[in-house]
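Computed over heavy atoms, backbone and side chain alike; hydrogens, waters and symmetry mates excluded. So you know, we letter chains A, B, ... as the sequences are listed, proteins then strands, and number each from 1.
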Amino acid sequence: MDTVAGGASAKLEKTFDPAHFEERWYRTWEEEGRFQPVGPPGSPRFVMVIPPPNVTGRLHIGHAFGRTLEDILARWKRMLGYRVLWVPGTDHAGIATQMVIERELAKEGIDKFDLGREKFIERVWAWKRDAKDTIQSQIRRLGCSLDWSRERFTLDPDLSEAVRHAFVTLYHEGLIYRGRYVVNWCPRCGTAVSDLEVVHRDVDGQLYRIRYDVSGVSSGAVVATTRPETMLGDTALAIHPEDPRTAKLRGKTAALPIVGRALPVIEDPILVDREFGTGIVKVTPAHDANDFAVGKRHGLTEIVVIGPDGKMTAEAGEYAGLDRFEARQEIVKRLQAENRLVGVDPHRHSLGHCQRCDTVIEPYLSTQWFVKIAPLAQPAIRAVEAGEIRFVPELWTKTYFEWMRNIHDWCISRQLWWGHRIPAFTCVNGHVTVADSDPDACETCGSGELRQDPDVLDTWFSSQLWPFSVFGWPKQTEDLEDFYPTDVLVTGYDILFFWVARMIMAGIHFTGRRPFSTVNLHGLVRLAGEKMSKTRGNVVDPLVAIEEFGADALRFTYASSATSGTTVTLDRERLSSSRSFATKLWNAARFTLSQLDAGPRAEILPGRELSLPDRWILSRLSATAADVNRWLGEFRYDEASQALYGFLWHELCDGYLEMVKPVLSGRDGDEAARETARGVLERCLADSLALLHPFMPFLTEEIWEKLTGRTGTLIVSPYPAGDPAWRDLAAEPAVERMRALVTRVRNFRGDRRVSPTEPVILSVDPASAAEAEEIRTLEPLLRHLGRLADLRFGPAADGAERDVVSGIAVALSLPSLAAGANREQIARTLSQLDGEIGDLAAKLQNAAFLEKAPPPVVEKVRRRLFELEQRRAALATPASE
RNA sequence: AGGCUCGUAGCUCAGGGGGAGAGCACUACCUUGACACGGUAGGGGUCAGCGGUUCAAAUCCGCUCGAGCCUACCA
């Protein structure tokens, strides 16, 4: 359909089909540079960086949720006149992506070691290009207004340079060190992982009690362990220095079963809990972080018996080559045979699993790189304490402090191929050189024989630089100057520690400034009660939802589901209801456009005489606009979308549209009123489109074009703030009273089970002249909407049913049918009234209430009691039939 | 083991010291010229339980029960 520019005469298709225009509008916006910041540097700006999705495959509905919220903010701020920049990009996601490629290779029967590091990395790059395209097209379909000309990838040359510079800087500051420690090791992934990448889960295991012989102590020493296979690496037994139960073991030497090694009995008050088990602990420094610390304190040997592949090492003697869990069974069997197994008890305990592949994590002694984190954490804690960075919802502040104040050093080296190679070079003499560019010679001894560390960095080491590396840091670029620090970061709370906390630390450390001022943490998306997660594979593609319901409906569903809680439930019913809402808007627009066949009229409003309904809907529009702005300012997307839903559907469509249909029909011959109503209608539609645009950009832009004749300009049109001059505190209650009267009439028919078209006679007996005047003004509407046979002023006629509505005494009757009053219904209402009247009366007899409650509250209770009593009196008066 | 969050209508969830709310679902009626992805009206809740503070508690405090999440080196 061709568009007609310059008038509001264009028609909308009868049926609403989002697929018809969504892609077209995205293309238009992009071609016209709407996603790029416009305006001179220094003018008010709004900057966000996307949380870069992993290039592991496709976007799932959780990502789409976060991006929708960001786009709502971006579009809102853009319409408010800010210079908006939202930077897109993707994350190489080291371990996650490497796993995906390994799986792909496995399908082809290829082992990555046969392929070799370089060829493997080539494969990943090829994969990455496809995945990036997929993700980008998904984000486009969602309508996100990202500036694609600035798209970044964490492995881009300049971003890699930033990573290297960060590493080198921290190293020279003494904040990165290399050392041999027990780390979390995933035998399947073949790499160390950080504490955060270990998922703890309770599992049912066994606690084995094993007797070790001790020279001079006939009973020996019984130790308890959940991991008998590690005993092969025992190098001591430990007791508490003040435990009388184990005092006889002091200074003795034990013999390690199976192996026969002599184990000193050491005393360590930190390791040994006197309350637990036998009070004797086997010490395995190479396979337990606590034992490692004890080993350091007591100078114990570290014997590695489980290798990086999870199999027993040569140190394990006859068990060498066995898988760690097989070895456990064999050792238990052997101990049993040797009569050393004193007992086995079921034992439920927490066990670490690999976040990526769920393999049981092995504490493994190896040489790794670490970030000394405490000096970085301090300023990051202070920034939040000082309010320079704010979390929304606020409750996350506590969680942040909790973690930051108990933070541990961060293991950043990964034994992977996909990622940023660690810029450390070791010479033949073992000296380490760390530099921004590859060194030719060792900086200590000048040796030219250098070998770069084969490991790569934890993905999050590069992600933490994202808010400034995307702008060219460490170079002092214009972009960095202009767009950093950013304003708002929107992300899921699940990466508060992984990413947000680390960005705050890195941002402050490297740039001296907080990376953003507000962190909006949203909940995690569940679909039909099922938990979403990348590794579980039950992800749902947002494109499927877009194809079925339209991007606008998906977005509106996200917005209205975005409560401040920790989970967001996405279900089909909700999507379907959002689509209905889109359809409702479409049809309201169709109707409005059909009334505006001679061009726009909103500008004629100033100086015109407005009817009560006109004043009412403009007042509601103004209030709604103010509310939406306020809610968005508080990141309450749910409240904002609800306000719009309520206004558009229940006030504009159900209310105003129905009220003005008689005027618009022209049958009453009041041309001036008709023109005014058209103007009001146009104003309401235009502002509704603008208000809804951040939530439903495609549909609103489509209608906007038909309404204004301006193509693709809604995205940069001003966002309605809610004109206070339109607030009308007289029109609102007047129209609402009238609506209540109409409802009462319909209700009356319903009680009597007569047709909605059955004429009813309504008598009203206003208490004041002002009220009478108000009702007379609204009389045509009351007659029309209530389908009244007659509207009479004065006391109730014989046979009528009496009531009080909004303080107005009314009487209802059916002229045609002698339908008797619905006694049951009335009796039920009366008993409800009696209950409430009793409560209120008791309140007013309570001296303490009268004395202590604020006068307005007391007054309110009085008024309400009065109204209820009026109603009771009216209803209780038997109609004189 | 600690910490956090949550228990409100059949479902999903807002609200949060003074008259229990929304959307969906449900019931009845309505082919009214924007819309049946519609309209009109209606039913439905001792706001998890117990105790406390208060003139007043769904709302604040404590405890109990239940659910979820996070952190943690208990052999």
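Contact annotation for A:Arg636: backbone-only contact, meaning every heavy-atom pair under 4.0 Å involves sugar-phosphate atoms and none involves a base. Among the heavy atoms of the strands lying under 4.0 Å from A:Asp654 are primed sugar atoms or P, OP1, OP2 only; no base atom is included. Counting non-hydrogen atoms under 4.0 angstrom, A:Phe581 reaches nothing in the nucleic acid. Among the heavy atoms of the strands lying under 4.0 Å from A:Trp649 are primed sugar atoms or P, OP1, OP2 only; no base atom is included. If you check every strand for non-hydrogen atoms under 4.0 Å, A:Lys14 touches sugar and phosphate atoms only. As judged by a 4.0 angstrom heavy-atom cut-off over every strand, A:Gln642 is placed among residues touching the sugar-phosphate backbone only. Among the protein residues, A:Leu657 comes within range of the nucleic acid bases, having at least one heavy atom under 4.0 Å from a base atom. Across all strands shown, A:Gly565 has heavy atoms under 4.0 Å from sugar-phosphate atoms exclusively, and none from any base. Contacts of A:Ser577 with the nucleic acid, taken as non-hydrogen atoms under 4.0 Å apart, involve only primed sugar atoms and P, OP1 or OP2. Within the 4.0 angstrom heavy-atom criterion, base atoms lie near A:Pro854. Within the 4.0 angstrom heavy-atom criterion, no nucleotide atom of any strand lies near A:His287. Heavy atoms of A:Thr566 sit nowhere under 4.0 angstrom from any nucleic acid atom. Using a 4.0 Å heavy-atom criterion, one finds that A:Glu658 contacts the bases of the nucleic acid, with or without backbone contacts as well. Residue A:Arg590 is classed as a sugar-phosphate contact, given heavy-atom separations below 4.0 Å to backbone atoms only.
Rounded to a whole Å, the CZ atom of A:Arg405 is 14 Å from the C1' atom of B:G3. We find that CD of A:Gln832 is positioned 12 Å from C1' of B:G42, with the value rounded to whole Å. As rounded to whole Å, 11 Å separates atom C1' of B:U12 from atom CG of A:Leu570. Atom pair A:His650:NE2 and B:G38:C1' shows a separation of 13 Å (rounding to whole Å applied). Atom CZ in A:Arg787 sits about 13 Å away from atom P in B:C30, given to the nearest Å. At whole-Å resolution of the value, CG in A:Leu496 and P in B:C4 are 16 Å apart. The CG-C1' distance, from A:Leu644 to B:A14, rounds to 16 Å in whole Å.
Looking at A:Thr557 and A:Ser578, their side chains do bring a donor and an acceptor atom within 3.5 Å of each other. Using a 3.5 Å distance cut-off with no hydrogens or angles, the side chains of A:Thr284 and A:Asp234 do pair a donor with an acceptor. Using a 3.5 Å distance cut-off with no hydrogens or angles, the side chains of A:Asp195 and A:His408 do not pair a donor with an acceptor.
In this pair, A:Phe16 and A:Trp586 present their aromatic rings tilted. The plane angle is within the 30 to 60° band. Under the 30°/60° scheme for interplanar angles, the aromatic rings of A:Tyr558 and A:Phe65 are found to be tilted.
For the OP1/OP2 pair of B:A34 and a distance below 4.0 Å, the side-chain nitrogens and oxygens of A:Lys661 include at least one atom meeting the criterion. Side-chain nitrogen and oxygen atoms of A:Tyr645 include at least one within less than 4.0 Å of the OP1 or OP2 phosphate oxygen of B:C24. Applying the 4.0 Å criterion to OP1 and OP2 of B:G42, one finds that A:Asn747 has a side-chain N or O inside that range. At the phosphate of B:G23, neither OP1 nor OP2 sits under 4.0 Å from any side-chain N or O atom of A:Arg574. Between A:Thr743 and the phosphate of B:U40, there is no side-chain N or O to OP1/OP2 separation shorter than 4.0 Å.
When the shell of 6.0 Å around CZ of A:Arg753 is examined, it contains 12 or fewer heavy atoms from other residues, nucleotides or ligands. For A:Phe401, the CZ atom is densely surrounded, since the number of other residues' heavy atoms within 6.0 Å is greater than 12.
With A:Tyr181 as the aromatic partner, A:Lys296 does not meet the cation-pi criteria of under 6.0 angstrom to the ring centre and within 45 degrees of the ring axis.
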Expected output check: what is the dot-bracket annotation of RNA chain B, where ( ) and [ ] are pairs inside the strand (brackets for crossing ones), | is paired with another strand, and pairs are Watson-Crick or G-U under 3.5 Å? (((((((..((((....[..)))).(((((.......))))).....(((((..]....))))))))))))....

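Annotation: B:A9 and B:A14 have their C1' atoms spaced 13 Å apart (nearest Å). Between B:A72 and B:G15, the two P atoms lie 31 Å apart (nearest whole Å). With C1' as the reference atom, B:A41 and B:U32 are 16 Å apart, rounded to whole Å.
RNA chain B is contacted by both A:Thr563 and A:Ser665; A:Thr563 maps to the nucleotide lying nearer its 5′ end (nearest heavy atom per residue).
The aromatic ring centroids of A:Trp649 and A:Tyr645 lie less than 6.0 Å from each other.
Closest contact between the side chain of A:Ala853 and the listed nucleotides B:C24, B:G18, B:A14 involves B:G18. With distances taken from any side-chain atom of A:Phe849 to the nucleotides B:G18, B:A14, B:G43, the minimum falls on B:G18. Nearest to the side chain of A:Arg753, among B:U40, B:C55, B:A28, sits B:A28. Candidate nucleotides B:C37, B:C35, B:A41 were compared by shortest atom distance to the side chain of A:Ser580, and B:C37 ranks first.
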Taking only nitrogen or oxygen atoms into account, show me every contact under 3.5 Å that the protein makes with nucleotides 71-75 of chain B, one pair per line with its distance.
unit_1	atom_1	unit_2	atom_2	d
B:A72	N6	A:Ser350	OG	3.4
B:C73	O2'	A:Asn290	ND2	2.7
B:C73	N1	A:Asn290	OD1	3.3
B:C73	O2	A:Asn290	OD1	2.6
B:C73	O2	A:Asn290	ND2	2.7
B:C74	O2	A:Asp273	OD2	3.1
B:A75	O2'	A:Ala224	O	2.7
B:A75	N6	A:Asp273	O	3.0
B:A75	N6	A:Phe276	O	2.3
B:A75	N1	A:Asp273	N	3.2

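One finds no salt bridge joining A:Glu658 and A:Arg739 here, because no Lys/Arg side-chain nitrogen approaches an Asp/Glu carboxylate oxygen to under 4.0 Å. A salt bridge links A:Glu702 to A:Lys706: at least one charged side-chain nitrogen sits closer than 4.0 Å to a carboxylate oxygen. Using a 4.0 Å cut-off between charged nitrogen and carboxylate oxygen, A:Glu758 and A:Arg752 do not count as a salt-bridge pair.
For A:Lys398 and B:C4, a side-chain-to-base donor-acceptor distance below 3.5 Å is absent, hydrogens and geometry of angles not being considered.
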